[in-house]
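I have placed the structure first, in the form of structure tokens, so that the comments after it can refer back to it.
Just the heavy atoms: all of them, side chains too, but no hydrogens, waters or symmetry mates, feed the values below.
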Amino acid sequence: MYLRKIPSGKWQVTVRDASGARHTTPNRLKSAARQWGAQQEALMMRGEFRDPRAGEIRVGEWHARWIASRGLEAPTKAKLGSLWRTHCEPEWAGWPMNAITRMEAQEWVRRLCSTSRARHLGRDVRDRDQDVPVLSAETIGAAVHLMSSLYVAATNESPPLVAVNPFARLELPKIEPRPVQFLEPAEADALYASAGRIGVTWRILIELGTQVGLRPGEMFGLHGHRVDWLRNRIQVIDVMTRAGLRQWPKSRKSHRVAPVPPTILEGMSALIAGRPRTSLVFTAPHGGPVDDGNFRDRIWYPAVAAARLCGRLAPAAGDDFRQGMCGAEFCDDPGHMIRRFAPRVMRHTAASWLVQDGVPLYDVQALLGHESYATNPALRSPRAGCAQQGPRVVVSAS
């Protein structure tokens, strides 16, 4: 500790940390300056010293350092980047880390609760004159979690950049439980038939997702050499992402062996016939891997819209057919249409059907590759025995 009187008449005390960096502060009282220096030296001896100026780093700068230091997968990094740019950066990037208080963080949450979404139903809805819903509780919670993670990393530094996390334990909007969504057997059969009219590849892919419960990326990245054609099972390893093929599963539990019904396996064998066994089982119409966005917009939703429980065809745009009717060939009866779900309903359907057939939850967890059976909402609150079950191939847990 070095104490001296400066030209202003104040007493300046200087201490050096373990790296040799100097930390100084002026005070009108010599005793107060000496006391401050002694306190800082004591903190250094205990390893608890924190540079008061360290918290002056801007939130935006700290976020850039935090992201760069983490080994995140490309999809996770893209998701966090979108969340940061949309909700966090405009509000907090220019703030010093030590300047944000809990009150200001809570006020930000309150404003988010009344903020309209930037995208709705897959479309950009900014600057449009239409009724757009506000941000969901899940989105608000994810934005707060991102900011809290920045501060957790800052408090874990040695020495810590900040003393407290203003985003911890905030009052957040309640995430209401959602009803479990899955296809009834009749709806699944109608969807298979509708997808088969688009292409046999898509029927087999949807059957695989609905009856075995593979994730879309796991199906898009499935190679022939990962299939045990004699024992009717698949080794789940490769995953197709928007950044390309990832040759390792999502998590430790995702690396698994899943049994496959023989009829689906026969269809997969026909798809890969004449091609090397190391090639992809499911490919795009013009070759190459299936893109999840194209599958969703060009295959899944058109197949859902055209599916009819009565087995008839959906009328095309130019057909002279009376709306709301079910005829000998065409059907446009709303009561014969299936419910419009996102592609993730395939996985929920597989889980729900297994639970309804009495397969233990921990066996279903292993078949689906979940770290916990509570991950899938269909396993948290299964609607067992709620509907008359038609004939289908059930995957055994053995």
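By the rule that hydrophobic residues join a cluster once side-chain heavy atoms approach within less than 4.5 Å of another member, Phe167 and Val59 end up as members of one cluster. Hydrophobic clustering places Leu3 together with Val15 (ILVMFWY residues linked when any side-chain heavy atoms are closer than 4.5 Å, directly or through intermediates). A continuous path of ILVMFWY side-chain contacts below 4.5 Å connects Ile204 to Met219, so both sit in one hydrophobic cluster. The hydrophobic clustering, which links ILVMFWY residues whose side-chain heavy atoms are closer than 4.5 Å, places Leu208 and Val239 apart. Both Ile234 and Leu245 sit in one connected hydrophobic cluster of ILVMFWY residues. Membership requires side-chain heavy atoms under 4.5 Å apart, directly or through other members.
Remark: Ser148 pairs with Asn165 by the side chain to side chain donor-acceptor pair (under 3.5 Å) rule, at least two apart or across chains. For the salt bridge (Lys or Arg N to Asp or Glu O under 4.0 Å) test, no residue two or more places apart in sequence or in another chain qualifies with Glu157. Under the rule for a salt bridge (Lys or Arg N to Asp or Glu O under 4.0 Å), Arg34 has no partner lying at least two apart in sequence or in another chain.
Between Glu207 and Thr210, the side chains place no donor N or O within less than 3.5 Å of an acceptor N or O (distance only, hydrogens not considered). One side chain, Gln12 or Arg4, offers a donor N or O that lies under 3.5 Å from an acceptor on the other. Between the side chains of Ser352 and Thr349, not a single donor N or O lies within less than 3.5 Å of an accepting N or O.
In this structure, Arg312 places its CZ atom where more than 12 heavy-atom neighbours from other residues, nucleotides or ligands lie under 6.0 Å away. Residue Arg102 qualifies as enclosed at atom CZ: its count of foreign heavy atoms under 6.0 Å is above 12. The 12-atom threshold is exceeded at NE2 of His255, counting heavy atoms of other residues, nucleotides or ligands nearer than 6.0 Å. By the neighbour-count criterion of 12 heavy atoms within 6.0 Å, atom CZ of Arg231 is sparsely surrounded, having that number or fewer from other residues, nucleotides or ligands. Counting heavy-atom neighbours within 6.0 Å of Arg344 CZ, excluding the residue itself, gives a total of 12 or less. Annotation for Arg65: atom CZ does not count as buried by contact number, only 12 or fewer foreign heavy atoms lying within 6.0 Å.
Counting heavy atoms from C-beta on, the side chains of Pro261 and Val212 come closer than 4.5 Å. Taking the side chain as every heavy atom from C-beta outward, Val260 and Arg233 never approach each other to under 4.5 Å.
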task = Would you please test Leu191 and Val304 for side-chain contact (heavy atoms from CB on, under 4.5 Å) and show each step?
result = CA-CA 6 Å; Leu191 181 58; Val304 170; 3.9 Å; yes
query = What's the verdict on side-chain contact (heavy atoms from CB on, under 4.5 Å) for Trp353 and Val359, showing C-alpha distance, side-chain angles and the deciding distance?
reply = CA-CA 9 Å; Trp353 284 1; Val359 179; over 6 Å; no
Residues Val200, Leu271; criterion side-chain contact (heavy atoms from CB on, under 4.5 Å); working and verdict = CA-CA 9 Å; Val200 65; Leu271 291 180; 4.2 Å; yes
ask   = Would Leu222 and Val236 satisfy side-chain contact (heavy atoms from CB on, under 4.5 Å), going step by step from the backbone distance to the final call?
value = CA-CA 8 Å; Leu222 179 62; Val236 182; over 6 Å; no
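Taken from CZ in Phe282 to CG in Leu205, the straight-line distance is 4.5 Å, to the nearest 0.5 Å.
Among His87, Met147, Met97, His63, the single residue meeting the side-chain contact (heavy atoms from CB on, under 4.5 Å) criterion with Trp92 is Met147.
Between Phe295 and Phe220, the angle of the ring planes goes over 60°, which puts this pair in the perpendicular group of the 30/60° scheme.
Glu218 has a carboxylate O that lies under 4.0 Å from a charged side-chain N of Arg256, or vice versa, which qualifies the two as a salt bridge.
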